[in-house]
**Student:** 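Structure below; questions to follow.
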Amino acid sequence: MSVTVPSREFRLPTNPTLVASPLVLNVRPWVGHIVKHPLGALESPTQWNAEGFDRLDPPVVKASERDAFVTFVQDSNARGGACGVPSICDPVSGEAQLEQPLPCFGVCPSVLVLGCRQQLSALSDRYAALVDELLASVSDGVVVPRAKAFAAIARAATPAGTLDGLAVLAVGVRINSSYTDVVAKVSRADGVRVDFYVRSRTLRWRTTMRRIPRSPTAAARQLLDVPRDDSMSATVLVARSWWQQQQVPNR
């Protein structure tokens, strides 16, 4: 019942080379990410699709699939199950009780987690495929100085330009109150984003999410929202086909 993301190794033409290696995830964290992102468990029940995975082409999730999952969880609870995600198991009053982290990641009974994984099998495959899609989109990318890439993206966000086909890989640091992490982010113009931890030039999947851009300017802003720069990340990796369309010399 585990899942492997990405499904194969991707060697990315950064300098030095980064390698996205297959990571075998246990069922619990994987179900947690599906429930949190495509199924929108941290949103209100009426706004479950705020991340818009149902509006991708093809969609990663359909409303009918979420309805079937909610029914499954509620039936499980009626038989003594213990789902603790209010927006899933109690969609009428759950809106005011949302919390993070989700119980799926830690305290949910294993038998229910396994049942959810089986119920979400098709959705799981589509969600995992996004990791491969985004890595493939930059696997033959062009290494470009950050400032130069950002200028090209800003120009493309105007009526005369296009962001279609654009994906960007950026590496940098993420800082919070207790630690600093080296991270990588692959972002696509439709708002889909895959985050990775960077460990000795190896990428390890962290999460896949989406923020729907409301305009080309908003899409550009999201693409430019990269991890804080450090000495190893003065450049970004840009999808080759999009970069060549911009007719911007790579120098």
Side-chain angles (χ1 to χ4, degrees), residues 3-25 30 33 37-38 53 56-60 124-153 156 161-174 181-211 213 219-220 222-227 229-230 232-251:
V3 65
T4 302
V5 287
S7 66
R8 62 178 179 86
E9 181 180 278
F10 287 85
R11 297 185 68 84
L12 305 172
T14 51
N15 185 21
T17 300
L18 288 172
V19 179
S21 297
L23 174 67
V24 179
L25 286 168
W30 183 246
H33 282 280
H37 293 294
F53 282 94
L56 293 171
D57 184 17
V60 170
S124 170
D125 291 345
R126 295 191 294 268
Y127 185 57
L130 286 175
V131 181
D132 282 14
E133 285 180 23
L134 267 73
L135 286 170
S137 68
V138 295
S139 63
D140 68 341
V142 179
V143 176
V144 182
R146 281 195 181 207
K148 187 172 185 177
F150 293 176
I153 292 170
T162 180
L163 297 172
D164 292 347
L166 174 57
V168 178
L169 165 69
V171 179
V173 295
R174 185 179 60 140
D181 251 335
V182 180
V183 296
K185 183 176 79 168
V186 185
S187 300
R188 200 166 66 183
D190 62 1
V192 177
R193 180 179 119 195
V194 182
D195 288 4
F196 300 88
Y197 297 109
V198 181
R199 301 288 185 266
S200 300
R201 314 309 299 175
T202 298
L203 304 186
R204 297 292 189 184
W205 181 84
R206 177 176 173 266
T207 193
T208 303
M209 64 185 71
R210 187 186 186 208
R211 286 190 298 165
Q222 289 178 206
L223 288 160
L224 301 179
D225 181 20
V226 299
D229 194 8
D230 69 1
M232 63 184 287
S233 57
T235 59
V236 295
L237 189 64
V238 180
R240 179 175 296 274
S241 58
W242 182 86
W243 186 255
Q244 290 175 339
Q245 289 171 7
Q246 307 313 301
Q247 298 181 339
V248 180
N250 183 29
R251 61 175 184 267

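What you see is a predicted model; the values in this text were computed from it and never measured.
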**Student:** Is any side-chain heavy atom of Arg210 closer than 4.5 Å to one of Leu130?
**Tutor:**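 No, side chains not in contact.
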**Student:** Using every non-hydrogen atom in the two residues, find where Gly165 and Ala239 come nearest and quote the distance to one decimal.
**Tutor:**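 Residues Gly165 and Ala239, closest heavy atoms: O-CB, 3.7 Å.
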**Student:** Which atom names give the shortest non-hydrogen contact between Leu12 and Ser139, and what distance separates them?
**Tutor:**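 Between these two residues, the closest heavy atoms are CD2-CA, 3.8 Å.
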**Student:** Could you measure the distance from the CG atom of Leu237 to the CG atom of Asp140? Nearest 0.5 Å is fine.
**Tutor:** 8.5 Å
**Student:** Looking only at atom types and distance, does a side-chain atom of Trp242 sit under 3.5 Å from a main-chain N or O of Thr162, one as donor and one as acceptor?
**Tutor:**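 Yes, Trp242 side chain to Thr162 backbone: donor-acceptor pair under 3.5 Å.
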**Student:** Locate the shortest heavy-atom distance separating Gln222 from Gly191; write the atom from each residue and the value.
**Tutor:** NE2-CA, 3.8 Å
**Student:** Tell me every residue that passes side-chain hydrogen bond (donor to acceptor under 3.5 Å, both in side chains) with Ser187, counting only those two or more places apart in sequence or in another chain.
**Tutor:**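 For Ser187, no residue satisfies side-chain hydrogen bond (donor to acceptor under 3.5 Å, both in side chains) once neighbours in sequence are set aside.
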**Student:** So which heavy atom on Leu163 is nearest to which on Ala156, and how close?
**Tutor:**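 Minimum heavy-atom separation between Leu163 and Ala156: CD2-CB, 3.7 Å.
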**Student:** For Phe53 versus Pro38, what's the shortest heavy-atom pair and its separation?
**Tutor:**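 Residues Phe53 and Pro38, closest heavy atoms: CD1-CA, 3.6 Å.
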**Student:** Looking at Gly141 and Pro13, what are the two nearest heavy atoms and their distance?
**Tutor:** O-CG, 3.6 Å
**Student:** State which residue, out of Val131, Thr207, Leu23, fulfils the side-chain contact (heavy atoms from CB on, under 4.5 Å) condition with Phe196.
**Tutor:** Val131
**Student:** Can any side-chain N or O of Asp190 pair as donor or acceptor with the backbone N or O of Val192 at less than 3.5 Å?
**Tutor:** yes
**Student:** Can you pull the salt bridge (Lys or Arg N to Asp or Glu O under 4.0 Å) pairs that have at least one residue in residues 124-137, sequence neighbours excluded?
**Tutor:** Glu65-Arg126, Glu133-Arg188
**Student:** Heavy-atom count check: over 12 atoms from other residues, nucleotides or ligands less than 6.0 Å from Arg11 CZ?
**Tutor:**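 No.
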**Student:** Nearest 0.5 Å, what's the NE2-OH distance between His37 and Tyr127?
**Tutor:**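 Here the interatomic distance stands at 5.0 Å.
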**Student:** To the nearest 0.5 Å, tell me how far Phe150 CZ sits from Leu223 CG.
**Tutor:**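 Going from CZ on Phe150 over to CG on Leu223, the span is 9.5 Å.
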